[in-house]
Amino acid sequence: MIFPEDFVWGAATASYQIEGAVKEDGRGQSIWDTFCHTPGNVADGDNGDVACDHYHRYRDDIGLMRELRLGAYRFSVAWPRIQPDGEGPINLRGLAFYDRLVDELLAAKISPYVTLYHWDLPQALEDRGGWTNRDTAYRFADYAQAVHDKLGDRVSDWTTLNEPWVAAFLGYGNGVHAPGRRDPAAAMRSAHHLMLGHGLAARRLREAGARSIMLVVNSAPVLTPAQVNDPAAVPSEADAAATRRIHALLTRQFLDPAVYGTYPEEVLAAAGRNGGTDHIQDGDLELINVPIDLIGINYYNPCVVESGPGLPADAAWPGSEDVKFAAVDAPTTAMGWPIVPDGLSRLLVRLSEDYPRVGLMVTENGAAFDDVVEGGRVHDDDRVAYLDGHLREVHRAIEAGADLRGYLVWSLLDNFEWAEGYRRRFGIVHVDYATQTRVPKDSALWYRDVIGRNGL
Ligand code: IFM
């Protein structure tokens with residue numbers, strides 16, 4: 001099973017999950033610092049103060065990437081390192097870290113894929129309303145420009161936002177993520193302002209000469225329980241309407257405005273029932289609709305729903321009244337997420353049909369398992385099986401015609417898994433947090449060989 005010649009193989013991380021050094025070189029406070037240091041928000045009271053200490057160990061980590069033959073490394077820039085208060089003067093010492101990181105990657109022949117926003121909003125901006133405040137979108141564009149000014153001569157692959165659904169709906173809707181707000185109207189507003197920020201930043205990046213611009217979404221095929229095991233199953237009209245509505249809230253809410261300059265009617269109706277649509281101003285959709293080169297897909301499991309007459313909306317899903325979120329009959333990862341590899345090919349084929357002019361990249365895929373180190377090794381056969389199963393589906397989607405450019409495993413390192421703290425390990429490289437020792441798991445060695453063969 002061989003992949004296209006120029007297929008991109010790599011791994012992904014995010015700033016707050018691995019860097020640590022939260023008080024170094026002038027970094028300002030982020031909403032995740034505040035959230036973690038508020039008791040009760042994160043499992044075991046964990047926080048990102050030290051994380052994988054990547055801020056100091058990045059050279060060794062790039063050495064590991066080289067040993068694993070990665071062709072690409074997707075990382076995010078911490079906005080509070082660049083602008084401690086979210087606006088105003090650039091903190092050159094913070095920017096210098098990413099400058100060194102990029103140079104080191106290029107020296108190792110690893111392409112940097114830079115994500116500008118992976119959730120660590122400067123706290124100073126949150127104090128003024130965060131993403132519920134329209135001004136944050138404009139501040140984001142300024143910050144994007146500043147990062148591009150410094151790195152744009154060497155970085156060609158740019159991502160504006162990572163998973164705006166999560167930032168808006170877990171951050172402002174059900175409060176499981178920072179800033180921990182629980183307000184459906186705030187979540188809907190935030191989702192729009194994130195997209196406005198995407199459009200404003202994408203335009204600046206384009207004008208500054210960025211070669212490739214990507215928007216990354218956490219997407220999933222939205223299926224009825226019967227469709228999980230039988231793609232040919234025909235749902236009732238009520239169940240089909242439930243899947244359409246949740247697909248609109250999860251995926252089309254972000255990709256339709258970016259690619260087509262429109263919002264699905266289900267999204268406008270959800271906003272209408274949750275605070276109204278006044279925050280969507282005339283001309284906003286034109287600002288959001290800037291041509292992008294790639295859609296990044298973070299896939300972990302399908303979303304399974306059916307009609308649930310009378311049920312209230314889930315706090316993370318304003319507009320999901322009368323929908324039942326159903327369990328899936330499948331083995332699960334340590335996160336409790338069902339393992340359904342063919343959900344990935346079904347998703348990729350669907351997105352390539354819905355957005356045919358934009359290329360696709362799997363920007364995250366992977367799994368947490370309860371790994372143990374035995375005699376200096378981690379025999380994570382469950383993760384190898386997970387990755388193998390999903391890569392077969394990636395190949396299948398390419399054969400079916402999807403314009404898929406690459407695959408990035410989540411994650412390079414075990415890291416800070418947000419509200420789950422450090423107890424969930426997604427890395428292909430094990431991290432002993434007490435000593436910061438890295439041990440490539442069997443999955444890392446397997447992945448290295450997949451990359452070497454360009455196939456399975
Ligand atoms: O760790 C996260 C990542 O930050 C965003 N996508 C999902 C991963 C696993 O939960």
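Values in this document were obtained by computation on a predicted structure and should not be read as measured data. Just so you know, ligand 1 is whichever comes first in the structure, and atom 1 is the first atom listed for that ligand.
- Below 3.5 Å of separation, one finds an N or O of Gln17 facing an N or O of ligand 1.
- In the candidate list Tyr300, Trp119, Trp337, Tyr300 is nearest to atom 8 (C) of ligand 1, counting heavy atoms.
- An N or O contact shorter than 3.5 Å links His118 to ligand 1 by distance.
- Ion pairing between Asp6 and Arg405 fails under the 4.0 Å rule for side-chain N and carboxylate O.
- Interatomic distance, Trp317 CH2 to Trp165 CH2, rounded to the nearest 0.5 Å: 4.5 Å.
- In this structure, NE2 in His192 is found 10.5 Å from CD in Gln253, a value given to the nearest 0.5 Å.
- Under a 4.0 Å criterion applied to the non-hydrogen atoms of Glu163, ligand 1 contributes the atoms 5 (C), 6 (N), 7 (C).
- Rounded to the nearest 0.5 Å, atoms CD (Glu163) and CD (Glu364) are 5.0 Å apart.
- A salt bridge links Glu104 and Arg59; the closest N-O separation between the charged side-chain nitrogens and carboxylate oxygens is under 4.0 Å.
- Taking atom 6 (N) of ligand 1 as the reference point, the nearest protein heavy-atom neighbour is Glu364 OE1, 2.5 Å.
- In this structure, atom 10 (O) of ligand 1 lies nearest to the protein heavy atom Glu417 OE2, 2.6 Å.
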